[in-house]
Amino acid sequence: MPQYQRPTGTNDILPDEQAYWHYIFDRIHHVAALYGYQQIETPIFEDTAVFARGVGEGTDIVQKEMYTFEDRGGGSLTLRPEFTAGVVRAYIENGMKVWPQPVKLYSIGPAFRHDRPQANRYRQFWQFNAEAIGEQDPAIDLEIMSLAWDLYTALGITEISFQVNSTGCSKCRPTYIEQLAAFFAQHEGRLDENDQRRLASNPLRILDTKDASIQDLIESAPNISDYVCDECREHFDTLLSYLDLQGRPYTINPRLVRGLDYYTKTVFEVWSSALGGAQSAISGGGRYDGLAEVLGGEPTPGVGYAAGIERTISVMQELDVRPPELTSPRVALIYLGDAAKRACIALASELRSRDIGAVMFFDDPSMRSQMRSADREDVRYALILGDRELEQDVVAVKDMVKDVAQQTIERGVIVSWLKEGLNGSRQ
RNA sequence: GCGGCUGUAGCUCAAUAGGUUAGAGCACCUGGUUGUGGCCCAGGAGGUUGCGGGUUCAAAUCCCGUCAGUCGCCCCA
């Protein structure tokens with residue numbers, strides 16, 4: 001065992017895995033641009049109150065999952081457990097209410113939650129986050145969902161579907177929760193320890209219980225759709241009609257209740273059948289019409305969503321979707337002797353300044369060893385310099401991919417020769 | 001925060017019912033070629049068997065603790 005190991009629940013993203021990350025980031029920028037979303041990057045930590053108040057004091061995230069620490073100045077800071085609260089804080093702080101509305105923003109970066117790690121769940125994990133702030137039309141809810149869908153399509157991810165629900169608003173949800181709590185209270189004896197605790201803290205969550213023995217209770221429990229106010233109902237129905245219009249498969253899931261307090265009206269998740277168990281949600285989001293006010297801004301509607309990058313990669317691997325390979329250096333410089341080494345160092349600089357990737361191997365290894373290294377770097381050409389070449393002012397060029405005779409190229413034209421030879425070649 | 005399973009070389013794994021210098025494949029280094037990669041061959045380096053304690057004549061192996069990984073619960077991406 002090494003003396004030091006990475007903290008529990010964190011990962012080193014090694015070179016071999018970077019092709020996925022580059023590809024996903026590239027597709028994110030592309031799809032976000034198609035929808036007119038602009039990138040914003042907020043700090044990785046914020047004043048603790050931003051999350052405590054924004055996400056909600058009663059949530060699991062705030063109660064037991066935040067990385068909170070005292071700043072040297074005495075204030076309390078927290079590593080972001082999610083993006084939305086920070087982005088809405090930035091909206092308010094930067095006066096974005098005077099920008100053309102809605103303000104459509106996206107971010108990519110790590111978030112932190114002190115959970116117990118398990119498959120596809122880590123303490124530091126990356127998210128792609130998108131927010132549309134300042135618009136209440138359900139068409140913008142659809143737009144965010146559509147953006148999510150298009151991203152997966154662009155990545156070659158299939159077999160996904162939406163789960164949607166309406167959780168009501170500040171006007172109608174309290175009544176529903178009251179009714180729900182009253183209902184479960186009548187059957188408290190049948191609830192397990194977990195669900196009894198939820199009865200007090202968050203009765204909505206009982207709907208998602210894993211306890212099979214109370215399925216009949218869940219079935220007969222009050223349904224949110226019978227309690228939402230006219231405004232929420234119309235919002236939801238319109239959203240569903242837009243989804244129908246786009247032909248996107250969805251399931252209305254009356255038990256979908258997300259664990260952040262700020263959601264109002266629309267909540268949704270994207271599920272992938274490629275991931276088993278509890279981690280079938282690869283992204284999720286919803287509307288948060290009350291959040292800006294909670295954070296000290298003017299009442300401002302908003303809707304957003306977050307996709308887990310690690311889960312996205314898992315799905316790609318499950319489905320055997322391969323990202324394009326990263327480009328690697330295209331030539332290796334092989335030297336024999338000190339004079340040639342100096343000539344190679346100069347040539348390498350010249351090649352790189354002309355956008356030709358070039359690598360060398362130091363500590364004066366044998367030619368054979370240099371050739372082996374060149375092979376492992378997947379270069380297209382090995383450029384060989386020794387006393388003979390120096391004398392004649394030429395470079396010996398060996399094609400490492402095609403089985404053709406080695407060539408001798410004049411030093412003065414080697415750059416243009418390579419430019420032509422490498423044209424169209426990814427190596 | 002709770003529970004199951006697992007910790008042997010960089011990686012994947014061996015090591016009869018506890019028994020002597022803990023092995024192999026891959027990867028790495030060197031050589032087989034005074035200046036030519038892949039394939040092949042030869043050699044080399046690499047381990048306080050996660051850590052600590054206990055049982056035993058003897059522990060990688062059994063027991064306890066601890067740490068870590070992994071899977072699951074809660075919750076979520």
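Chain naming here is simple, since letters A, B, ... match the order of the sequence lines and numbering starts at 1 in each.
For the side chain to side chain contact (heavy atoms under 4.5 Å, CB included) test with Val103(A), the passing option among Gln38(A), Glu135(A), Met96(A), Glu131(A) is Met96(A); the others fail.
Look at Arg368(A) and you'll find a side-chain N or O under 4.0 angstrom from OP1 or OP2 of rG37(B). At least one side-chain nitrogen or oxygen of Gln118(A) sits closer than 4.0 Å to the OP1 or OP2 atom of rG72(B). A close approach under 4.0 Å does occur between a side-chain nitrogen or oxygen of Thr8(A) and OP1 or OP2 of rG69(B). Contact annotation: Arg116(A) side-chain N/O to rC73(B) OP1/OP2 distance is not under 4.0 Å.
Only the P atoms considered, rG38(B) is 12 Å distant from rA27(B), to the nearest whole Å.
Toward the 5′ end of RNA chain B lies the nearest nucleotide of Ser366(A), the other residue of the pair Arg123(A) and Ser366(A) mapping further downstream. Where Gly9(A) and Met371(A) each meet RNA chain B at their nearest nucleotide, the meeting point lying more 5' is that of Met371(A).
A salt bridge is absent between Glu178(A) and Arg173(A); no separation between the charged side-chain nitrogens and carboxylate oxygens falls under 4.0 Å. A salt bridge links Glu143(A) with Lys104(A): the distance from a Lys NZ or Arg NE/NH1/NH2 to an Asp or Glu carboxylate oxygen falls below 4.0 Å. Under a 4.0 Å N-O distance rule, the pair Asp399(A)/Arg380(A) qualifies as a salt bridge.
Checked by distance alone, Asp375(A) brings no side-chain donor or acceptor within 3.5 Å of a matching partner on the base of rG38(B).
Contact annotation for Gln406(A): base contact, defined as any heavy-atom pair under 4.0 Å involving a base atom. Among the atoms of the strands shown, base atoms are found under 4.0 Å from some heavy atom of Tyr122(A). Heavy atoms of Glu389(A) sit under 4.0 angstrom from at least one base atom. Backbone-only engagement by Ala306(A) is indicated by non-hydrogen atom pairs under 4.0 Å involving sugar-phosphate atoms exclusively. Asp60(A) comes within 4.0 angstrom of sugar-phosphate atoms only, judged by non-hydrogen atoms across all strands, and of no base. Note on Arg376(A): only backbone sugar-phosphate atoms sit closer than 4.0 angstrom, heavy atoms only; bases stay farther off. Within 4.0 Å (heavy atoms only), Ser369(A) reaches sugar-phosphate atoms of the nucleic acid but no base atom.
Figure legend. rU48(B) is base-paired to no nucleotide; pairs are counted as Watson-Crick or G-U wobble with both atom distances under 3.5 Å. rG10(B) is paired with rC26(B) under the Watson-Crick or G-U wobble criterion, all donor-acceptor distances under 3.5 Å. Across all strands shown, rC40(B) pairs with rG32(B); the Watson-Crick or G-U wobble distances both stay below 3.5 Å. Under the Watson-Crick and G-U wobble criteria, each requiring two contacts below 3.5 Å, nucleotide rU61(B) is left unpaired. Pairing partner, rU56(B): none, since no Watson-Crick or wobble contact has both distances short of 3.5 Å. Within the shown strands, rC71(B) is the pairing partner of rG3(B) under the Watson-Crick or G-U definition, both distances less than 3.5 Å.
In this structure, Trp126(A) does not pack face-to-face on the six-membered ring of rA77(B), missing the 5.5 Å centre cutoff or the 30° plane limit.
In this structure, Arg255(A) places its CZ atom where more than 12 heavy-atom neighbours from other residues, nucleotides or ligands lie under 6.0 Å away.
Here the nucleotide nearest the side chain of Ala119(A), chosen from rU36(B), rA77(B), rG72(B), is rG72(B). Between rU36(B), rA77(B), rG37(B), one nucleotide has an atom nearer to the side chain of Ile384(A) than all others, and that is rU36(B).
Ring centers of Phe162(A) and Trp271(A): at least 6.0 Å apart, outside the cut-off.
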